[in-house]
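Data first, discussion second: the structure below is written as structure tokens.
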Amino acid sequence: MTNLDVSKLLRNVAAAYRIKDEQKYRFQIIAYDKAADTLENSPTELRELFKEQKLGDLPGVGPSIRAHLEELLTTGKVKHFEEVFSSIPEAVFTLLDVPGFGPKKAYRLVTEFKLKNPKSVVADIRALAEQGKIDPLDGFGKKSQDDILTRIEEYGRGKTKTARMALPYAGELAKKMLAYLKECPAVEQVSPLGSLRRRKETVGDIDIAVASSEPAKVLQHFVDYPHKERIIEKGDHTSSILVSSGKQIDLMVQPPEAFGSLLQHFTGSKDHNVHLREYALSKGLSLSEYGIKKRGDESGKLTHYSTEEKFYAALGLQWIPPEMRENTGEIELAKKNELPTLLELKDMKGDFHLHSSYPIEPSHDMGNNTMEEMIAKAKSLGYSYLGFSEHNPSISKHTSLQTKAILEKRKEFIEQLNKKHNKSIRVFSLLETDILPNGNLAIDDDAISLLDATIVSVHSSFGMNRDEMTKRVLKGLSHPKAKILAHPTGRLINQRPPYELDWAKVFAFCKEHHKALEINAWPLRLDLNDVLVREAVKQGVKLMIDTDSHSLEEMDLMEYGVSVARRGWAKPSDILNAMPYNDLAKWFSM
DNA sequence: GCCGTTTTCGGCCCGACTGTTTTCAGTCG
């Protein structure tokens, strides 16, 4: 049972309470939803937290929910949940992932038509709508019947409430929309919001804010977007459209004088805003996307804020970078004026995970561009150093003598490059070496000794359990030349789950033996992830942000790795390749 | 059911939009 499964279970409990008596269970609903959020974002599997008696440390998990989770992990079920679910057909919960279906509507339709089969419930409802049997129901009508058909059709094409796209994909969609919006003369300022602005690794809907004195014109321009599939809703302040590819774009418009509070509100996260509003209430202030007013002041005297800086300042807070707005202590630090100065893209001085086309006869894919081309690109990015890390020569196709010969030749080649560029940029001779299932490195010591250092990583046998995998990785890292663990969890976003490691052990090992963990900027990897970066930073473990580029264009992806680092509250001093050359060379020699 | 610069009880964010409604319920963020 994964964290996501358990998270869904808790959401179902909240949904069940909504169906039973939304008023009576009001606060239980909030509590279960919050605990579900926490679990969804926890990088550590529940079972491990349970083993270490740390379930109660999760925010939103108190004595009651903790006891239920323990029961779930021990016996596979929870008595209390079964009681809550007992009067509600299972099919209700299946419907909840279809956009437009909340607990009430799902329950009403399922019970009205006695739909028992969770596997066919979506198709059953579609059939009923097609036969016109929903229209006559109390509280429904022709329009909601049609809406149900539209939503189910879109659901069938992959639009669900929980589907999220990788950050760079969302970035591209947003870029096109921003360009389109700027064509409208009424648009004065425009900015992406929500998880896209917070640079979360995945994005659900794309949220965009516009400052304009003529909202109606902007909203009309927006819903006229030529690549839209349909308009989901259109109001006086906000509108939503569906674009081809089944993604939703939401637009919010405010006059320029209120743009700051709009940015703040729709950047979120929800938890950050809830906490911020509770904090404001304690000072007698009430917050909304329109501004700030005194609590209980019904005359509605509202103060507007044109920038976020002014909005936060009005609450006595430092401006908080969007990447930090996840309600994990940032508001408390902002009160004390103690927010860390986060890493920025311009701090980056090099890239160490680069695959050139150098003929190394590698074990995995090789790069498209020559070392010289990649050096020129690195210079254009303002870097002062870089490292080449092709995959090690294939061990099945080479004897160790052949491997050594290849690497000797490559070493000389890189020495020539260094001579030629005469310190205008420094080139490190690295390699990405496989850690074999037994923990040995794929090539032998004679070959490795020819390198400045090596990146090590796992490319096979992902199915090992946590203890075996931890042993394997630490054994690989313990080689004196092994300095960096690349893409440390092996996950591919939306495609392959991470393998489990004992992070306490890994962090302690890295700290003691001067090893670094990579933040891989490749958009589908982005691991180490934000939550683990934050923990590594706390423990004093050094990190390195690399693009894992196989071509020149990919070297521009560094910004995504920097985003992960910022979401993990990393400062420039936490990142090895934000260091000056001399400090870095010293670290490599340690 | 959770939680603490209002700390072990008494609170718990704020609003938009749609559809079916004569004043609100449901969904969503």
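Protein chains get the first letters and strands the later ones, always in sequence-line order, with residue 1 at the start of each.
The number of heavy-atom neighbours closer than 6.0 Å to CD of A:Q495, taken from other residues, nucleotides and ligands shown, is above 12.
Ring pair A:Y290/A:H237: centre-to-centre distance below 6.0 Å.
Using a 4.0 Å cut-off, some side-chain N or O of A:T238 falls inside it from OP1 or OP2 of B:dC17. The phosphate of B:dG1 (OP1 or OP2) has a side-chain N or O of A:Y32 nearer than 4.0 angstrom. Under 4.0 angstrom from either OP1 or OP2 of B:dG26 there lies no side-chain N or O belonging to A:K105. Side-chain N/O atoms of A:H275 include none lying less than 4.0 angstrom from OP1 or OP2 on B:dG4. Of the side-chain N and O atoms in A:Y290, none sit less than 4.0 angstrom from OP1 or OP2 of B:dC14. Listed pair A:S239 / B:dC17 fails the phosphate criterion, with no side-chain N or O lying under 4.0 Å from OP1 or OP2. Side-chain N/O atoms of A:S144 include one lying less than 4.0 angstrom from OP1 or OP2 on B:dT20.
Ion pairing of A:E188 with A:K182 is absent here, as no side-chain N (NZ or NE/NH1/NH2) approaches a carboxylate O to less than 4.0 Å. Checked for salt-bridge contact, A:E344 and A:K571 miss the test: no charged N lies under 4.0 Å from a carboxylate O.
Side chain of A:I65, nearest nucleotide from B:dC17, B:dC12, B:dC2: B:dC2. Proximity note for A:E289 (side chain, C-beta onward) versus B:dG29, B:dT6, B:dG15: the nearest is B:dG15. Taking the side chain of A:P63 as heavy atoms from C-beta on, and the options B:dA16, B:dG29, B:dC2, the nearest nucleotide is B:dC2. With distances taken from any side-chain atom of A:S288 to the nucleotides B:dG1, B:dC12, B:dG15, the minimum falls on B:dG15.
Atom P of B:dA25 sits at a distance of 13 Å from the matching atom of B:dT21, rounded to the whole Å. On the P atoms, B:dG1 is 24 Å away from B:dT5, given to the nearest whole Å. For the C1' atoms, the distance linking B:dT7 with B:dC2 amounts to 13 Å, nearest Å. Comparing B:dT20 with B:dC24, their C1' atoms are spaced 9 Å from each other, to the whole Å. Between the P atoms of B:dT22 and B:dC14, the separation comes to 29 Å (whole Å). To the nearest whole angstrom, the two P atoms, one in B:dC12 and one in B:dT6, are 14 Å apart. Rounded to whole Å, the C1' atom of B:dG4 lies 32 Å from the corresponding atom of B:dA16.
Within 4.0 Å of A:D205, counting heavy atoms only, lie sugar-phosphate atoms of the nucleic acid but no base atom. Residue A:K104 is in sugar-phosphate contact alone, with no base atom involved, counting any heavy-atom pair closer than 4.0 Å across all strands shown.
Here A:F101 does not count as stacked on B:dT27, because the ring centres are not under 5.5 angstrom apart with planes under 30°.
Under the 3.5 Å distance criterion, with hydrogens and angles disregarded, no donor-acceptor pair is assigned to the side chains of A:Q23 and A:D21.
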